Engineer: 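To start, I am sharing the structure in question, which I have written as structure tokens.
Just so we're clear, the structure is a prediction, and the values are computed from it rather than from any experiment. Throughout, a chain's letter reflects where its sequence line sits, starting with A, and its residues are numbered from 1.
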Amino acid sequence: MVLRADNVVKTFALRGKQKGTVTAVDGVSIEVRSGETLGIVGESGCGKSTFGQCLTRLIDLTSGTVEFEGEDISSLSRRRLRPVRRRLQMVFQDPYSSLNPRMRVADIVAEPLRIHRTTDRRAIPDRVADLLERVGFDPSMAGRYPHEFSGGQRQRIGIARALALNPSVLVADEPVSALDVSVQAQVLNLLADLQDEFGLTYVFIAHDLGVVEHVSDRVAVMYLGDLVELADAEELYASPAHHYTEALLSAIPQIDRDGAPRRERIVLSGDVPSPANRPSGCPFHPRCPAATEICRKERPTLRTLGSRQVACHHPLPVPTTRVVTPTGQSQSVR
Amino acid sequence: MERPAGPWRVALTQIAHNPVAVVSGVLLVAIIALCLAAPLYAQYIAHTNPFESNLNGYTMVAGERVAVLQQSTTGLKLGVEPIGPTWNLSGYFLGADGQGRDVFARLLYGGRTTLLIGFTSAILCCAAGALVGIVAGYFGGPIDWVLSRLMDIVWAFPVYLLAISLSVVLLTDGLRIGPIVIGPGNLMLPIGIIALIYVPYVARPLRGQVLSLKNREFVKASIGLGAGDWRILRREILRNVLPTVIVFIPLMAALNMLTESALSFLSIGVQPPTASWGTIINDGLDLLYTRPAVALAPGILLVLTAVALNLFGDAVRDALDPKAKLRGAA
Amino acid sequence: MPSSTRGCAVPDITESGIAGPDTTADAVASSPLLAVRDLRVAFRTRAGVVNAVNGLSFSVAPGEVLGIVGESGSGKSVSMYSMMGLLDNPNATITGSARFDGAELIGMPTKRLNRIRGNRISMIFQDPMTALTPVYTVGWQIVEQIMNHEKVTKAEAWSRAVHLLDEVGIPDAERRARSYPHEFSGGMRQRVMIAMSLACHPSLLIADEPTTALDVTTQRQILELIGDLQAKYGSSVILITHDMGVISEAADRVIVMYAGRAVEMGDESTVVRRPRHPYTWGLLGAIPKPGQRKQRLPTIPGLPPGPRDQPTGCPFQKRCRFAMEQCSTLPPLIATGEEQNHLDACWLPDEVREELREEVA
Amino acid sequence: MMYVAKRLGSAVLVMFAISVVVFLIFFATPGVDPAARIAGRGASPEVLSQVRHEFGFDQPLPVRYVLMMSHLFITQDLTSYVNIGDRVVPQIMQAAPVTLSLVLGAAIIWIAFGLGGGILATRFRGTVVDPIIMIVGITAISLPAYWVGEVVNLVTQDRLHDTVFSWVPPLGYVPFTQDPGQWALHLLFPWLTLALLYGGIYARVLRAELVNALSEDYVRTCRAKGLSERRILWRHALRGSLSPVVSLFGLDFGSLVGGAALLTEVVFGLPGIGKLTWDSLQNLDLPVIMACVLYAAFFVVAANAVVDLLYAVIDPRVRRA
Amino acid sequence: SSTTTDAADASDGAHQGGTLHLAAQSAGGTLDPQVNYTLQYWQLYQGAYDGLLTYARVGGTKSEDIVPDLATAMPTISPDGKTYTFELRKDIKFSNGKTLTTDDVVASFRRLFKVSSPNAGSWYNVIVGADACLKTPATCTLNGGIVADSSAGTITFHLTQSDPEFEAQLAMPFASVLPADTAPKDAGTTPIPTTGPYYFASYSPNKALVMKRNRYFHSWSKEAAPVGYPDEIDETFGLTAEAEVTAVENGQSDWMYDTPPSDRLSEISTKYASQVHVTPLTAMWYLALNTNIAPFNNESARQAINWAVDRAAIVKLYGGSSLAAPACTILPPDFPGHKDFCDYTKGGGSTWSAPDLTKAKQLVQQSGTAGQSVGVVVQNDSVNKGIGLYLVSLLNQLGYKATIKPLSNNIQYNYIQNTKNHVQLSLTQWYQDYPAASDFLQVLLSCSSFHPNSDSSINIAGYCNRDLDAKMTAADAKGLTDQTAANAQWGDIDQQYMALSPLVPLFNPKLIDFTSSRVKNYQFSDQYYMLVDQLWLK
Ligand SMILES: Nc1ncnc2c1ncn2[C@@H]1O[C@H](COP(=O)(O)OP(=O)(O)OP(=O)(O)O)[C@@H](O)[C@H]1O
Ligand SMILES: Nc1ncnc2c1ncn2[C@@H]1O[C@H](COP(=O)(O)OP(=O)(O)OP(=O)(O)O)[C@@H](O)[C@H]1O
Ligand SMILES: [Mg+2]
Ligand SMILES: [Mg+2]
């Protein structure tokens, strides 16, 4: 267990004329095991990115704690965070806005090395060339500016930057969402290779359930700032316990390959409510086909159901046989 | 290996391919060159010192020796008239002013001052505006509040009022900041005043830009890498607002030149004997009805320069930061 | 889409046949609603000419759903815009022909085009957040469209607008018609767009990535909605997407585009199940498959050709594992296999294709 | 409510700060001892100290500041230091209509020209009309107003006064209530001069906005709906582009009404706020300067607030739910 | 060409009527005659306020004569010159209908102190009790200083010492007699009732001043209180001088207060020659050299300037020889005490002919001040600035490092007076208050006019010469008995001051009055300039 979030809450004050706050993440607890890939899925605005930024301390938490390699980093100052940053890196969603358009690629990749002075000044160009090669570039590209690269290439530059300091954990916020399938596959393969090579731990945030299924060992499903289900990927995709997870899975458009079974479709009514005015009780109840009175009133807590955890008053039945994943035993999570 | 084109080079190529930019640029360069050549003209062609009163001087017009200032000989013989344009480059091309000085030579010298003030104050103003905008936008909180209110104050202070108030004080006794004494005739005063009054024009949009930059992922990434504020400001923020700052410069230079001339028109800008187009216009207004050329010529040059600067500035904007929202002249 | 729709649409297509650039077009039994022939769009830019669409030909039969799939920049949107006269870029050159119900759309004067646009052909766009004028209520905007094409009173148009909004599933339509676009969520706005596009009962609806910007659950809602309405009004639909899954679920027929060209065209089931073009293989292969966790994904090496470096010959040759000498000449889009309406543009011999495809997957 | 209070608070703060700045600037200026000027030339020291005492100039600065403010705002009987006994508030009241007349008329003209130019340039984008309009606009922006004013005066009052412009009345102002025709005639050239600059600015701003708007997605939707270009331009693009123009207009109008048309007023001899301000600055007449500056600042601040409100009217996105 | 017509008979109604429109760039400040110290309003007060004495309201040289006004005759003066007795005219009414009494006279003189009249401390402090009044004006009584006998209708002034200029000072507008109940504070814009032919009907400094006929007025003296011709006189404010010229040309205004701008001079002097009246003034433009700081604490340096300044060039800048005459003396020509001499002209002589630069340079060298910097402080209007620029050129030529500092017209005068501002050389003007040599020499150069660190220190040169001070006091005393001898003394004093060179007289200006074509009967008084109310409109 390298990274552990305990009851993380993040609220934003609304700016301008409107008053009030948005609770983007509402008490999420999660443990990330060393060497695994933890997928986080959920619809737009459910707080995935915010949570990812809480994990990497890009933003301050409203409450709760984040522990990294046993150290509580949730209230460290920016200066004290610097050593942590070397081990805990982030890859961003938008390949267009995550690279400074006014810096050359070499500088972008060298930036972490310069900040942390881990590498001798003269050795930096070599290290940069190394990194670029590792993510599939000819080092001669180092003098170019980001605008000369395609989205996939940029994403790889972002990965090279994140890798520069040899981190142990990489939080990837929708690293492939902006990419075309052919390029997406390249990036996913690269991430897999790097994990194999360096034993990286990934927190992989995405809204494409297919991609998440493909890369993750365990998957967390978020809805309106809440963690609603957390399970081994295979188990979750095979038999979701939360109604929201079920609907989400059924909504994936599927290619009718020969012999592939189709999921039963569940068309949810209505939109995801705004986190600024969360429904009372279970946040999913207004759209839930199985909602009852209690769902309106009482907010379900995350409880363990077999090898998984789910926050639902009326969870779907799941097979009792536990699937043991290679990466570890089930752990109890508060 | 071919050197890849950076964003600056791309912009430069774009400007070079914009005919309006090229024409206005050439015009600007021509005007600047002409003004820089002022001493050459005064010394070697017109043989005149345009800063010395020449009340009893004579000059040759069409082979005849005539007084530069002529006592009126008609009617009640009231008034003294300077000679009008000779249209002869070797002296008094545009005639003389009330002090008997060569207007054309003064025009060239005046251009130097006006351009100097325009550009220096534009650069100063942009630098100060950038500093304020960046600091306010980046640090936010109380720093932002204080800086924003300061900008509000300068903004709500009507431009000319502020300039006039400052000028009245500063031009009387100059400025003393500790050991530094800036005399009342020093050009730094109008430069500083003009730069100051337009700081909010630059600071406000830049602050907005920094606010949105702050949310861009590459800034987040930099924080994530452990970069300190100073590094982020320098490498991430400044580099990205720099194009906008640069876009401001020619446009502010045009605006500032016009402001300088307006202040000089109110005789609180450039102080004599230094000439600027504004002061020459001001001098010329006393001769407007008899020798309109004295006031018209600097005005026309001023307009030409401002037009060229504005056109060029537009081209720079199109090349560097097409979304920059700039207000025209005040 | 409900299977009933699919059921009645499929027979039509088998009859209608497909026209490639080389097949004499009008071997089509029932005349197509839209017939596009050799459409080309080029942009003159400072960096040179960009050929965004390179001889695209296809047709749409009445009542069918044609899916166009391709990676970003493959010319999907530009081809549609050029047909609809929506390319106001003065540097764009459009050639070729696009006959809609017998009328030539390319080069049609705007006045005449305006009688077709929004009336007989309507269009919805990718980003519902920006596609509506922010300063008018949605009802007003629908009324505007109706009154632009039909002589009705304002009150009539208004009640129709409310009805339409109701039909696309906007609750409390009467009140919501008076709301401004920013007061709707993305999915709701896309519903409004659909309501607007259906206002004049168009015979063709062009949906340019209508769900890309939406969440999965919302995407599902919108796709269902388009399906239902298409069934109800019997319009033809061109559905543009880059999501094979969407195509697979919603389209009757599919065009796979690459670098401004159609590289494969045919019935949805055949194209998805038995793709013939190596690009399509790569495209399908790159999508993570359920149950194949953590396996390396087959990828297409390299990148799509940039808009400026258009290769002569087959545009895919540089990325194609099976490229051969012949690929330096442009392959025609023809039926090479046994199915007559399954066309592709590749020089690979029919015999080896099956084998190679297995190899890739 | 909170919001309104906050705005009001910051407005008061800004005005307070400005008044303090003016006050300090004034007393930092050498040669302005108001007592000496009130006493008259050659006044003996006794007389001088008498005057100083009588006018309270011997009090500490903060007290004098408070006194001045209370005279200005509470008893409203603050009087000029130069024209003793001349109350400041009525002076402002007298000057305001002149400035308002000038600015209103000019605004109508510049709005007409600005909007017309902007729309025309957009409409004929790609033809020579567009660059011509824009160059005219840029030239208008680059013209120093006072210089134009002087040249206009030279031409209309002197050079061509006996021929073409014999109908042009002398400089100065005639109240509307006295003779509407003369009012307009006297203001005609000031209007045009002032409108020139702003017309240029507005044409440019509007064109930029319109061109921007025309590349928006919603315009594509409009085209797809089959709307005519004219309708798209007028009903859709223009409507959205108007808000920046309106906000600009609000701010400009505010500052002009506050006296920013100083140069025009001085050149054309219009006894408006700008002229009053200029005269008072020339005379270093602190009470009048103070009143003028606060008056101007008030309009700038007020214009800011009004613009915010207008924004909400024009742009429903800003409206509160 | 100044048209001097004989004063028309007041009873001649043929020329009465009409409204006279005057124009001025700006208003002249308070309307209170006991406070206002501007020629602009003094000129208008002539048709409105009266004192016990006045300068004859006629054109020509007789205008320098003091004549009885509200007094029936000139005062009887005691032999020691310390007591002046006046007899007040009867049946004079204020414009508010009240009859003038001796109480009004006494109250007016008390009020003079209560409102801190500018010269209360320098002119009227000779009255017994004035010192107390200056200290605590609120309780001013002038007990023993001014005694009224209401039954006899006499007023007696008791002075602390004899004063040859007391009569002149009584003839000034400060000594106007106002109703006794006039509030003892600066009246500002509120008009005070008058005794003369007109009263002030309204005054708004940003708009206009309006004078209307005083229906209680009847002329008691053709010289002191002639009947005015126009029914109404208004002066509008706000036009620029340029616009004023245009307005007069077009007949929209009848007269402009300000000097026509130089670029309009040729136009008016040719096209409108008959409407232009040029008259020499008893006034002087001069440079004040600060004798207390370098370089002009050095006498040679000061003399160098006097030698070097090209008066002809400066006259050109003022508008040419028709508008000004070079000056060599402090007292203007035709002024009491004026002596014809010119000690600083090339080749000598009693009139100025040319500067002597060689001599000047030599003196500068001799003084050892060469290379020092000199600031020239001038007003920032075009004429003053022009002269300033010329001076800078000249000073540079002499070996100084000169800079010009143009200041707003309203600051400059106070600025150059204050020693705190360390002004070295300034350009300024002095226009006579009344025709007496002391009004120039004593005011501008006596030790008592010098107040360090004050904005009000009219001895701008800061020059204090006890010796000459004593001579001036003596000349003053002489004036009581023998004006001619006194004048001769004054002329010598003038020359002695010039030798010491604290001031550099530049020129004596002339005044241009530009009137509209309908205006007739232009008369010029040396004291108060054009007689406004004597103009005919018909
Ligand atoms: N800086 C902020 N200020 C105010 N609200 C914010 C801020 N950042 C995020 N939010 C709000 O918090 C909620 C969660 O946002 P977040 O970006 O974490 O969602 P997400 O799951 O990453 O969505 P997406 O898939 O669109 O990236 C959203 O409603 C968002 O509007
Ligand atoms: N105005 C233009 N000028 C130059 N090139 C253009 C222009 N518009 C589009 N293109 C080019 O045309 C090509 C096709 O663009 P198009 O928008 O049709 O792609 P698309 O298939 O719709 O992609 P996406 O999935 O991203 O919407 C792209 O390479 C694009 O760069
Ligand atoms: Mg996110
Ligand atoms: Mg597209």
Side-chain angles (χ1 to χ4, degrees), chain D residues 29-55 79-87 90-92 94-95 98 150 153-154 157-158 161 169-173 265-271 275-276 279-285 288, chain E residues 26-32 35-38 113 116-122 125 131 134-135 137 185-190 203-207 236-240 242-243 246-247 250 252-253 267 407-418 420-421 443 448-449 451 454-456 458:
Chain D
T29 313
V32 296
D33 180 0
R37 293 195 302 146
I38 290 172
R41 62 183 163 154
S44 64
E46 296 92 336
V47 171
L48 208 58
S49 69
Q50 267 318 312
V51 171
R52 194 161 282 143
H53 178 71
E54 199 177 316
F55 282 79
T79 61
S80 153
Y81 283 171
V82 173
N83 292 307
I84 306 294
D86 197 12
R87 289 192 183 195
Q91 282 191 52
I92 298 262
Q94 250 174 37
V98 182
E150 293 286 1
N153 281 347
L154 175 68
Q157 298 287 341
D158 186 74
H161 189 70
L171 304 182
Y173 176 75
E265 288 182 9
V266 169
V267 168
F268 288 101
L270 299 173
K275 179 89 174 0
L276 187 66
D279 287 346
S280 64
L281 279 161
Q282 285 268 291
N283 288 329
L284 284 165
D285 192 355
V288 188
Chain E
S26 52
T30 173
L31 198 53
D32 195 321
V35 182
N36 192 289
Y37 202 169
T38 65
F113 290 93
S116 298
S117 180
N119 284 347
S122 38
N125 54 350
D131 286 348
L134 283 169
K135 233 171 253 141
K185 65 186 225 331
D186 188 337
T189 51
T190 324
Y203 178 39
S204 154
N206 286 301
K207 242 166 127 184
T236 47
F237 310 114
L239 289 186
T240 59
E242 203 79 60
T246 312
N250 300 341
Q252 285 131 342
S253 288
E267 177 188 357
L407 296 182
S408 156
N409 293 11
N410 298 278
I411 317 183
Q412 194 254 4
Y413 195 60
N414 288 322
Y415 184 86
I416 59 178
Q417 293 182 44
N418 199 326
K420 270 193 269 187
N421 298 326
V443 169
S448 59
S449 309
H451 308 288
S454 165
D455 267 12
S456 183
I458 203 146

Engineer: D:Leu48 versus chain E, heavy atoms under 4.5 Å apart: side chain, backbone, both or neither?
Structural biologist: side chain

Engineer: Shorter than 4.5 Å, heavy atoms on both sides: which option in E:Val443, E:Asp186, E:Thr246, E:Leu407 has the most such pairs with chain D?
Structural biologist: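 Maximum pair count with chain D is reached by E:Asp186.
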
Engineer: Which atoms of E:Glu267 are under 4.5 Å from chain D, going by heavy atoms: the side chain, the backbone, both sets, or neither?
Structural biologist: side chain

Engineer: Less than 4.5 Å to any heavy atom of chain E: does that hold for the side chain of D:Val51, its backbone, both, or neither?
Structural biologist: both

Engineer: Under 4.5 Å, counting heavy-atom pairs only, tell me which of D:Ala36, D:Pro90, D:Pro271 racks up the most with chain E.
Structural biologist: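 Sorted descending by pairs with chain E, the first entry is D:Ala36.
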
Engineer: So for E:Phe237, is it side chain, backbone, both, or neither that comes closer than 4.5 Å to the heavy atoms of chain D?
Structural biologist: neither

Engineer: Check each atom of E:Ser454 against the heavy atoms of chain D and say whether the ones under 4.5 Å are side chain, backbone, both or neither.
Structural biologist: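 The side chain, not the backbone.
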
Engineer: What part of D:Leu270 gets closer than 4.5 Å to chain E, counting heavy atoms only: side chain, backbone, both or neither?
Structural biologist: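 When you check distances to chain E, no heavy atom of D:Leu270 falls under 4.5 Å.
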
Engineer: So which atom in D:Val47 and which in E:Ala120 form the shortest heavy-atom distance, rounded to 0.1 Å?
Structural biologist: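 Closest heavy-atom pair between D:Val47 and E:Ala120: CG2-CB, 4.1 Å.
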
Engineer: For E:Ser117, is it the side chain, the backbone, both, or neither that has a heavy atom closer than 4.5 Å to a heavy atom of chain D?
Structural biologist: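 E:Ser117 touches chain D through backbone heavy atoms alone.
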
Engineer: Examine distances only and state if a side-chain atom of E:Ser408 and a backbone atom of D:Gln282 form a donor-acceptor pair shorter than 3.5 Å.
Structural biologist: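 At least one qualifying donor-acceptor pair exists.
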
Engineer: State which residues pass salt bridge (Lys or Arg N to Asp or Glu O under 4.0 Å) with D:Asp285; sequence neighbours excluded, sorted by chain then number.
Structural biologist: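 Partners of D:Asp285 by the salt bridge (Lys or Arg N to Asp or Glu O under 4.0 Å) criterion come out as none, since no residue qualifies.
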
Engineer: When rounded to the nearest 0.5 angstrom, what is the spacing between CD in D:Gln50 and NZ in E:Lys135?
Structural biologist: 11.0 Å

Engineer: With only heavy atoms counted, which part of E:Phe113 is less than 4.5 Å from chain D, the side chain, the backbone, both or neither?
Structural biologist: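 Neither part; nothing is under 4.5 Å.
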
Engineer: Which heavy atom in D:Glu46 sits nearest to a heavy atom in E:Leu134, and how many Å separate them?
Structural biologist: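 Smallest interatomic distance, heavy atoms only, reads CB-CB, 4.2 Å.
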
Engineer: Closest heavy-atom contact between E:Lys207 and D:Gln94?
Structural biologist: CD-OE1, 3.8 Å

Engineer: Does any backbone or side-chain atom of E:Asn418 lie under 4.5 Å from a heavy atom of chain D? Answer side chain, backbone, both or neither.
Structural biologist: neither

Engineer: CD/D:Gln91 to OG1/E:Thr189 distance, rounded to the nearest 0.5 angstrom?
Structural biologist: 9.0 Å

Engineer: Donor-acceptor pair, distance only, cut-off 3.5 Å: does the side chain of D:Lys275 make one with the backbone of E:Gly238?
Structural biologist: yes

Engineer: At a heavy-atom separation under 4.5 Å, does D:Val266 approach chain E through its side chain, its backbone, both, or neither?
Structural biologist: backbone

Engineer: Going from CG on D:Asp86 to OG1 on E:Thr30, what distance comes out if it is rounded to the nearest 0.5 angstrom?
Structural biologist: 10.0 Å

Engineer: Sort E:Lys420 into side chain, backbone, both or neither according to what part of it lies under 4.5 angstrom from a heavy atom of chain D.
Structural biologist: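 The answer is neither part of E:Lys420.
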
Engineer: Give the minimum heavy-atom separation between D:Asn83 and E:Ala27, together with the two atoms involved.
Structural biologist: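 Nearest pair, atom of D:Asn83 first, then E:Ala27: OD1-CB, 3.8 Å.
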
